[in-house]
Amino acid sequence: MATEMNSLSGGGDGGEAAKDERPLLNSSSSNGSGETLEQLEKKYAAYVRKDAYGTMGRGKLAISEKVLLGIAIVTLVPIRFVAGVLILLVYYLICRFCTLFSVPNRDDGQEDYAHMVGWRREVVVRCGRFSSRAMLFVFGFYWIRVDDRSLSTTEDEHGEQSDETERPGAIISNHVSYLDILYHMSSSFPSFVAKRSVARLPLVGLISKCLGCIYVQRESKASDFKGVSEGTTTNGDYLLPFKTGAFLAKAPVLPLILRYPYKRFSPAWDSISGMRHVLLLLCQFMNHIEVVRLPVYYPSEQEKEDAKLYANNVRKLMATEGGLVLSDIGLAEKRVYHAALNGNSLPRVLHQKDD
């Protein structure tokens, strides 16, 4: 999954902090390509923000909303910020302790501690799941609603029973926010696909190595064979094309759909900077997350031989079951949309590299 948390400084998909104060396009004005804001939103609908805070989280707010924000900033935010930092620091120290005198795996220029076994692995996993759930609680996700459809025993399209003994090789999930990672860590503690720069982040870098993350160059074509999900976040209403990496093993997969119902602020990370997103999320007293666990998907022989077909069929199933709209755009189009909102040069953004 895409881990973009390192853009809390205001960079990343949301644009640099210095550029965040630029006026947005209105419906009548246009960007360098001659398109109005309405045309851009129609073209890049998967990244359009629809909550009370508007495009890029910088829409006009009612007086009552400003008062609520002001109260939350001086009361709720400091408490949650300190609690979140403490949780992260404590878990980092646990990972540091468990990796003492342990030599990391080094393969293809990558480094991780996924090989840990025994009490070290047990401590890292148990503490990681607890810390992730605690972090979600700090962010206001007090309850998580899970619709487990995998419990029903039905025959799949190949005439086989869904209670087969072969375990799923990967969890296939839509990607709405960096919060997805916290849920997956609290639920099953899987490995993730992450940008190569994540391994160098303070605190988070070591934690990602203990998770056994696979680090990739985001724009590299090779990453298409290692990706697990969509590659970037959406507003939660759309499902982008899947990378084929998780399907190359020909093993069953577990489809999982994440939703973030909201009234005021949407936890989706679409057209908003990381810093602004975290601040507004902390200001909202209660947030919601709903999880739909679909039955394990067992590929046909044809799907085993064609990873792209396998990925597309799983994607179509998830879109149908989750009421999601299929969209064929990706990270490049997201950057174009963000560039237009920020008034940047589109060609420069299209050729931008993450590392």
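Quick caveat: nothing in here was measured; it's all calculated off a predicted structure. Side chains are part of it too, since the values below use all heavy atoms of this structure and drop only hydrogens, waters and symmetry mates.
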Undergrad: Answer yes or no: is there a donor N or O on one side and an acceptor on the other, between the side chain of N235 and the main chain of V48, under 3.5 Å?
TA: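 Here the side-chain-to-backbone pair exists.
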Undergrad: For the hydrophobic clusters of this structure (ILVMFWY residues joined by side-chain heavy atoms under 4.5 Å, transitively), does one cluster hold both L203 and L93?
TA: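 In one cluster with L203: L93, yes.
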Undergrad: Please tell me if the side chains of L258 and V291 come closer than 4.5 Å, counting only heavy atoms from C-beta onward.
TA: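 Counting from C-beta outward, L258 and V291 do come under 4.5 Å.
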Undergrad: Hey, what do you get for CZ (F139) to CG (L182), rounding to the nearest 0.5 Å?
TA: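 That separation rounds to 6.5 Å.
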Undergrad: For a 4.5 angstrom cut-off between non-hydrogen side-chain atoms, does F242 reach Y310?
TA: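 No, every pair of side-chain atoms sits at 4.5 Å or beyond.
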Undergrad: Take C127 and Y91 through the test side-chain contact (heavy atoms from CB on, under 4.5 Å) and record every step on the way to the result.
TA: CA-CA 7 Å; C127 291; Y91 185 53; 3.9 Å; yes
Undergrad: Decide yes or no for Y47 and V336: does some side-chain heavy atom of the first lie under 4.5 Å from some side-chain heavy atom of the second?
TA: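 Answer no - side chains too far apart.
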Undergrad: Using 30° and 60° as the class boundaries, would you call the ring planes of W119 and F97 parallel, tilted or perpendicular?
TA: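 Ring orientation, 0 to 90° scale: tilted.
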Undergrad: Measure the shortest side-chain to side-chain distance between N312 and F247 over non-hydrogen atoms and say whether it is less than 4.5 angstrom.
TA: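 Side-chain contact under 4.5 Å: no.
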Undergrad: Can you check whether R58's main-chain N or O pairs, donor with acceptor, with R49's side chain at less than 3.5 Å?
TA: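 It does not hold such a pair.
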Undergrad: Compare every heavy atom of D270 with every heavy atom of K334, then report the nearest pair and how far apart it is.
TA: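 Here K334 and D270 meet closest at CE-O, 3.4 Å.
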Undergrad: Begin from the C-alpha positions of D147 and E290 and carry the test side-chain contact (heavy atoms from CB on, under 4.5 Å) through to its verdict.
TA: CA-CA 8 Å; D147 179 8; E290 295 179 354; over 6 Å; no
Undergrad: Check whether H175 reaches the backbone of T234 with its side chain - one donor and one acceptor, N or O, closer than 3.5 Å.
TA: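 Checked: no pair found.
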Undergrad: Which value, rounded to the nearest 0.5 Å, describes the distance between L281 atom CG and R276 atom CZ?
TA: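 So the gap between those two atoms works out to 14.0 Å.
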Undergrad: Answer yes or no: are there more than 12 heavy-atom neighbours, outside F130 itself, under 6.0 Å from its atom CZ?
TA: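 Check fails, neighbour count at 12 or below.
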Undergrad: Give a yes or no answer on whether the side chain of W269 reaches the backbone of I272 with a donor-acceptor pair at less than 3.5 Å.
TA: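 Indeed, once roles are kept as given, a pair shorter than 3.5 Å links the two residues.
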Undergrad: Taking L89 as the starting point, is it possible to reach I181 by hopping between hydrophobic residues whose side chains are less than 4.5 Å apart?
TA: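 Yes; tracing contacts between hydrophobic side chains, which count when under 4.5 Å, links both residues.
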Undergrad: Could you tell me the separation between the CD1 atom of I172 and the OH atom of Y297, rounded to the nearest 0.5 Å?
TA: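 Separation between the atoms: 12.0 Å.
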Undergrad: Grouping I, L, V, M, F, W and Y whenever their side-chain heavy atoms are under 4.5 Å apart, do L76 and F265 come out in a common cluster?
TA: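 No, L76 and F265 fall in different hydrophobic clusters.
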Undergrad: Decide yes or no on side-chain contact (heavy atoms from CB on, under 4.5 Å) for Y337 and L40, but give the supporting numbers first.
TA: CA-CA 7 Å; Y337 177 56; L40 288 170; 4.1 Å; yes
Undergrad: Which atom pair, heavy atoms only, marks the closest approach of P255 to P295?
TA: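 Minimum heavy-atom contact is CD-O, 3.4 Å.
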Undergrad: Can you tell me if S187 uses its side chain to pair, donor with acceptor, with the backbone of Y183 under 3.5 Å?
TA: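 Here the side-chain-to-backbone pair does not exist.
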Undergrad: How many angstroms lie between CG in L282 and CZ in F81, if you round to the nearest 0.5 Å?
TA: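 Output value for this atom pair is 9.0 Å.
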Undergrad: Would you say V90 and V123 are hydrophobically clustered, going by side-chain heavy atoms of ILVMFWY under 4.5 Å?
TA: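 Same hydrophobic cluster.
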Undergrad: Please test L309 against Q302 for side-chain contact (heavy atoms from CB on, under 4.5 Å), starting from the C-alpha separation and ending with a verdict.
TA: CA-CA 8 Å; L309 174 65; Q302 184 180 6; 3.7 Å; yes
Undergrad: Donor-acceptor check, side chain of R293 to backbone of L254, threshold 3.5 angstrom: yes or no?
TA: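 No, the answer is negative, given that no donor and acceptor are paired below the 3.5 Å cut-off.
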Undergrad: Is there a side-chain contact between H184 and L256 (heavy atoms, below 4.5 Å)?
TA: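 They are in side-chain contact.
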Undergrad: Taking atom SG of C213 and atom CD1 of I207, what is their separation to the nearest 0.5 Å?
TA: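 Here the rounded value is 10.5 Å.
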Undergrad: Return the minimal non-hydrogen interatomic distance between A72 and P78, and the atom names on each side.
TA: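 Result for this residue pair: O-CD, 4.3 Å.
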Undergrad: Under the side-chain hydrogen bond (donor to acceptor under 3.5 Å, both in side chains) test, which residues partner R96, sequence neighbours left out?
TA: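 Testing R96 for side-chain hydrogen bond (donor to acceptor under 3.5 Å, both in side chains), a comparison that skips the adjacent residues, returns Y92.
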Undergrad: Give a yes/no verdict on a cation-pi contact between R126 and F189, requiring under 6.0 Å between NZ or CZ and the six-membered ring centre and an angle within 45° of the axis.
TA: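 Because its charged atom misses either the 6.0 Å distance or the 45° angle limit, R126 does not stack over F189.
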Undergrad: Sub-3.5 Å donor-acceptor pair from the side chain of S300 to the main-chain atoms of E303, do we have one?
TA: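 Checked: pair present.
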Undergrad: Any side-chain to backbone donor/acceptor pair from R120 onto L100? Under 3.5 Å, distance only.
TA: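 Side chain of R120 to backbone of L100, a donor-acceptor pair under 3.5 Å: yes, one is there.
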Undergrad: Rounded to the nearest 0.5 Å, how far apart are CG of L239 and OG1 of T320?
TA: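 Between atom CG of L239 and atom OG1 of T320 there are 10.0 Å.
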Undergrad: I'd like to check V176 versus T233 (side-chain heavy atoms, cut-off strictly below 4.5 Å). Are they in contact?
TA: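 Contact flag for V176/T233 side chains = no.
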Undergrad: Please list, chain by chain and in numerical order, all residues satisfying side-chain hydrogen bond (donor to acceptor under 3.5 Å, both in side chains) with R264, sequence neighbours excluded.
TA: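 Residues passing side-chain hydrogen bond (donor to acceptor under 3.5 Å, both in side chains) with R264: Y53, E65.
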Undergrad: Not counting sequence neighbours, which residues clear side-chain hydrogen bond (donor to acceptor under 3.5 Å, both in side chains) with D306? List them please.
TA: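 Partners of D306 under the side-chain hydrogen bond (donor to acceptor under 3.5 Å, both in side chains) test: none.
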Undergrad: In terms of hydrophobic clusters joined by side-chain contacts under 4.5 Å, are F137 and V77 together?
TA: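 The answer is no; the residues belong to distinct hydrophobic clusters.
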Undergrad: For the residue pair P252 and P299, what are the closest heavy atoms and their distance?
TA: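 Of all heavy-atom pairs spanning P252 and P299, the closest is CA-CD, 3.9 Å.
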Undergrad: Where the side chain of S208 meets the backbone of G205, is there a donor-acceptor pair that is under 3.5 Å apart?
TA: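 The answer is yes, because a donor-acceptor pair under 3.5 Å joins these two groups.
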Undergrad: Might you point out which heavy atoms bring A46 and Y238 nearest each other, and give the distance in Å?
TA: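 Minimum heavy-atom separation between A46 and Y238: CA-CD1, 3.5 Å.
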Undergrad: I want to check something: taking the side chain as every heavy atom from C-beta on, are M185 and R133 in contact at a cut-off of under 4.5 Å?
TA: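 They are not in side-chain contact.
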Undergrad: Determine whether a donor-acceptor pair (N or O, by modelled atom type, separation under 3.5 Å) exists between the side chain of S191 and the backbone of L211.
TA: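 Side chain of S191 to backbone of L211: a pair is present.
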Undergrad: Which pair of non-hydrogen atoms, one from L324 and one from G236, has the smallest distance, and what is that distance?
TA: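 That closest heavy-atom pairing would be CD2-O, 3.3 Å.
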Undergrad: Measure the shortest side-chain to side-chain distance between R129 and V125 over non-hydrogen atoms and say whether it is less than 4.5 angstrom.
TA: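 R129 vs V125: side chains touch.
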